[in-house]
Amino acid sequence: AQKITQTQPGMFVQEKEAVTLDCTYDTSDQSYGLFWYKQPSSGEMIFLIYQGSYDEQNATEGRYSLNFQKARKSANLVISASQLGDSAMYFCPWRNDMRFGAGTRLTVKP
Amino acid sequence: EPEVTQTPSHQVTQMGQEVILRCVPISNHLYFYWYRQILGQKVEFLVSFYNNEISEKSEIFDDQFSVERPDGSNFTLKIRSTKLEDSAMYFCASTRGMGTDTQYFGPGTRLTVL
């Protein structure tokens, strides 16, 4: 089974600065994908961005971008210009078997 | 914008009782999922459902759990005899297809077993 690892249980960033949230995976599949979801304190799960293994470019979606390094099996989320509303838990589940890692709690400081 | 809905938002039950959690997936979606998240812990996959049958389930999804799509819109999770450790947030999700399609999550049902 694929394994997702998020090594940062908690991260802090100053408002307006960029932050990178790590996500590594372990798979022998050739075709796969990773999602990033945000879960604010209210509890809902919000889709942010998707990266497929055959995508030639790193995915971007507004202030969110993925630093996808296939050889290193990592798909780190970069949030630029952090906002206070970015404070939340962040998860990177594995495509559609959707195994979740432990998540990273991001706190944006004013 | 279409969204996944779940009812109730909060359910309180006594240990040993049966509960049914309800979900209405996005109407043109074909794949449905249940997850749970014990407070402060990670999200855990329970089961996926396609074409009126379970396509995958986790080790958590034992005989106490069942899922059903009783009509064209609802997708339910039943817990036959609840235990204290079933207390969690339960999320329903749906996706149009497999592979790269994004899963859209419902707002969750918080189940409290007393």
Side-chain angles (χ1 to χ4, degrees), chain A residues 1-10 21 23 25 27 29-57 59 61-62 64 66 68 75 77 88-106, chain B residues 1-6 8-11 21 23 25-26 29-50 54-61 87-112:
Chain A
Q2 292 82 3
K3 182 180 177 183
I4 297 292
T5 302
Q6 293 182 256
T7 58
Q8 307 152 315
L21 307 184
C23 178
Y25 53 91
T27 185
D29 290 355
Q30 295 302 307
S31 175
Y32 54 85
L34 278 159
F35 298 98
W36 274 93
Y37 284 86
K38 169 186 177 181
Q39 186 181 38
S41 57
S42 51
E44 70 266 34
M45 201 68 72
I46 302 167
F47 166 75
L48 296 178
I49 198 167
Y50 169 79
Q51 180 78 51
S53 59
Y54 287 113
D55 294 339
E56 294 194 354
Q57 292 189 337
E61 193 70 47
Y64 304 108
L66 269 170
F68 181 51
L77 177 71
M89 283 291 290
Y90 288 81
F91 297 97
C92 60
W94 178 265
R95 206 177 66 174
N96 274 59
D97 75 4
M98 295 297 278
R99 262 47 176 185
F100 280 67
T104 295
R105 180 171 296 284
L106 176 66
Chain B
E1 185 177 322
E3 59 182 17
V4 178
T5 60
Q6 289 185 244
S9 57
H10 191 187
Q11 173 105 38
L21 309 182
C23 169
I26 295 173
H29 284 190
L30 301 176
Y31 295 81
F32 315 113
Y33 307 82
W34 282 102
Y35 300 85
R36 78 172 185 192
Q37 185 180 32
I38 296 170
L39 187 64
Q41 298 186 25
K42 69 178 183 181
V43 178
E44 299 173 296
F45 168 78
L46 293 178
V47 66
S48 59
F49 191 86
Y50 169 70
I54 291 172
S55 48
E56 190 178 357
K57 60 182 181 180
S58 72
E59 57 278 4
I60 301 169
F61 194 87
S87 293
M89 181 74 91
Y90 287 81
F91 291 102
C92 171
S94 71
T95 184
R96 187 177 52 197
M98 279 294 288
T100 63
D101 279 11
T102 300
Q103 288 200 7
Y104 292 90
F105 282 74
T109 292
R110 180 165 297 284
L111 176 65
T112 302

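Naming: A, B, ... by sequence-line order, numbering from 1 per chain.
Separating the CD atom in E44(A) from the CD atom in E3(B) is a distance of 11.0 Å, to the nearest 0.5 Å. Separation of atoms CD (Q37(B)) and CE (M89(A)) is listed at 7.5 Å; rounding is to 0.5 Å. For the atom pair CZ of F100(A) and OH of Y35(B), the computed distance is 5.5 Å after rounding to the nearest 0.5 Å. Remark: T95(B) OG1 to F47(A) CZ distance equals 10.0 Å, nearest 0.5 Å.
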For this session: Quick one: do F91(B) and Q39(A) satisfy side-chain contact (heavy atoms from CB on, under 4.5 Å)? Show the steps, please.
Result: CA-CA 12 Å; F91(B) 291 102; Q39(A) 186 181 38; 3.4 Å; yes

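Within the 4.5 angstrom heavy-atom criterion, no atom of E44(B) approaches chain A.
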